[in-house]
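Chain naming here is simple, since letters A, B, ... match the order of the sequence lines and numbering starts at 1 in each. Below, each value reflects all heavy atoms present in this structure, side chains not excepted, and no hydrogens, waters or symmetry copies.
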Amino acid sequence: MRVLLIEDEQRLAENIATALREVGVAVDHAEDGEDGYQCGQQGVYDAIVLDLMLPGKSGQSILQDLRKRKIHTPVLILTALEGKDSIVQLLNNGADDYLSKPFDLGELLARIKALIRRAKGVSSPILTVLDVEIDTIQQTVFRDNQPIELSPTEYRILEYLAHRPRAIVSKREMLEHLYDFDWEHNSNVIEVHISNLRRKLNIIGTEPLIETLRHRGYRLREEAHR
Amino acid sequence: MKAAKATVSITRRLILTVLALEIIAAIALVGAITVHERHLQFTAFDASLRGTAESLMGAVQDAEDSGDNVMLDMRSVRLPKGSVFLVQEETGRVLGREGQLPNAVRDSASEKLEDRIDGRTYRFAILKGVRIIDPGNANKGTAHSIRVIYGMPTKRIWHEVLEAVRFFVVATLVLLSATALLLVWVIRRDLQPIHDLAHAAERITGADWNFTAPESATRTKELRPLAGALEAALSRLQQSFAQQKRFTADAAHELKTDVAIVKSSLQLLSMRMRTAEEYKAGLGRGLDDLTRLEKTVQKLLTLARLEQPDDGRSRDCSLRAALEEAMHQSKSYADLRLIHIDAIVEDDATVSLDREDAVLLCSNLLVNAIQHSTSESAVEITLVEESAIVRLSIRDHGEGISEADRQYLFDPFYRGDLSRSRKSGGTGLGLSICRAICHRIGGSIDIENHPAGGALVTVILPSHLQHGTTVFSNDVSA
């Protein structure tokens, strides 16, 4: 998962970004409205956390312009402003959720995750693909009720694929959604992680879960060949 | 009770005044009518007295005897009831009489007079005439000098006069009541614009400051200044209220952001078990965040204190000393940014500020200048005393200010562009505090772009002591 954080307050942004990275979400941080809008309109993010009072371009207008350009990335607004009116207006303008400052960091993380899940058509925090069960809160994976130990990156790849069942996910898309700007972009990294993931998921008596489609990408099998 | 006592009703006053004037006019009118009526009645009375006296004179006839005597023949004379008369010859022979006439009247030589008989006032007419008996005779008849005194009681005239006056009094009272009622209605109607204005003013609440004077009030010449003053005062109040509201909202925003930082720092730290080093570093960051919150609160309190009205206590402080202290305080910051501070302080002036406020003013401006200077440039300070004012100028060699921002730069929490956002470390209150300090003692502060680049802040404060005195004290210290 990859989240764009548009927040001019340096220390607050640092804290939110660190917390998101600690739960396995890639974070890009934009310090002003213009930068934030430029990043957001690429449409590569799974969610955007948007402050309202920003230098350069206000949160309101970023939101409006993104929706105008048909960017449907879920947006969570962080606001220190009072008043029901502005919240109603924000939601009408296409915001998906809001939190007022000072907020609870845990709540922010939970809401971002819920937003991402819902945007991908999943409402439960537990994803199930065939006999594989992924608990996105505990970040644990079970296959056939047996726990499987995954590295953080392997887990993120599996979770991302599980969020998009039947869809073919290219290596490029995976790179975009799993890593932030600070990461070295190298598609070989993905191949290595996929191969490790396959090996770990391959329990005796089960079928292979991840399909490789040449030059196109990867896909999670949903129907069993039983 | 006290309030009721103090209430003054313009309506009641006007009505009472007009009615009092009307009553005075009515009394004067009735008086004049009385005098006039009395005169008329008495003239008529005197004429009738005289007429009756003439008839009496006519009733003096030749006595049907051999001599040339005269007698009074009352057959053709009708006398009103209560009248008295005396007809007598010069010789004193009484020809006829009715009632007893007072001696004063009998002996009087004048033609008209008044006297009392049995307690009643009588008015008399006195007629003298000559009656000639047998003028056809050879001796041309005998002449008899006759004197007729006739009197009637005046009670009846007074009755007539009072009757006439009573009619006028009743008519006046009826008119007075009618005009009083009309007056009440007219005054009520004419004072309606005042009620309209009050009603419009009543609708003003803390939430809705909109006030437009009703047309009836603006059309009324006497009310127009009041309506205008109300509108102007309310619009000023609304402005300052809106400013206060904005300030409160901005302050809340600022404080919430600072609290959000502190809270998230601590929550981040407690998300999972960490090593001792991580905890130590995290706590250090949290403490820094808390210090920033503390600074914001402190500045807010300072601004609130400065915006309170002055307590009038007299203060003296050398601006030069304050500037020197501020320069000393910000030296390390200037060194860090490789900024050279170039101060030309020729004069000194005593300003009526607390020393800490004067230092705060200087150091805020100095830090601001250092903050916005490009690295390795100079900040130039001049302090000049002119007649009764002291001028402090601080110029930096930074990017200067944008004209669009200029008028807002002293507003609390104003952050016009990126360079002045929170990233630069300021709370957005420094310049507001400077302005509050200057305004407190009737000074001014302005910021503009220097023609040769960079921002120039000019502070003008009223100075306290004469130039010579200051120089003298400098000499002593030197």
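Atom CG of B:L268 sits about 10.0 Å away from atom CD of A:E14, to the nearest 0.5 Å. Annotation: the span from B:I261 atom CD1 to A:Q10 atom CD amounts to 10.0 Å, rounded to 0.5 Å. Atoms CG and NZ, from A:L78 and B:K256 in turn, are 12.5 Å apart once rounded to the nearest 0.5 Å. Atom-to-atom distance recorded for B:L269:CG and A:L105:CG is 11.0 Å, nearest 0.5 angstrom. Within the model, atoms NZ of A:K101 and CG of B:D258 stand 10.0 Å from one another, a figure rounded to the nearest 0.5 Å. Rounded to the nearest 0.5 Å, atoms OG (B:S264) and CZ (A:R11) are 7.0 Å apart.
Proximity to chain B (any heavy atom under 4.5 Å) is shown, for A:I16, by neither the backbone nor the side chain. Residue B:R285 touches chain A through both its backbone and its side chain, counting heavy-atom pairs closer than 4.5 Å. Using a 4.5 Å cut-off between heavy atoms, A:D51 does not touch chain B at all.
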Exercise for the section: I would like to know whether A:L109 and B:M271 meet side chain to side chain contact (heavy atoms under 4.5 Å, CB included); could you show each step before the answer? Expected result: CA-CA 11 Å; A:L109 298 182; B:M271 263 173 67; 3.7 Å; yes

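Taking the side chain as every heavy atom from C-beta outward, B:Q267 and A:N15 never approach each other to under 4.5 Å.
No more than 12 heavy atoms of other residues, nucleotides or ligands sit less than 6.0 Å from atom CG of A:N145. By the neighbour-count criterion of 12 heavy atoms within 6.0 Å, atom NE2 of B:H328 is sparsely surrounded, having that number or fewer from other residues, nucleotides or ligands. Residue B:Y279 qualifies as enclosed at atom OH: its count of foreign heavy atoms under 6.0 Å is above 12. The environment of B:H199 atom NE2 is sparse: at most 12 non-hydrogen atoms of other residues, nucleotides or ligands sit within 6.0 angstrom.
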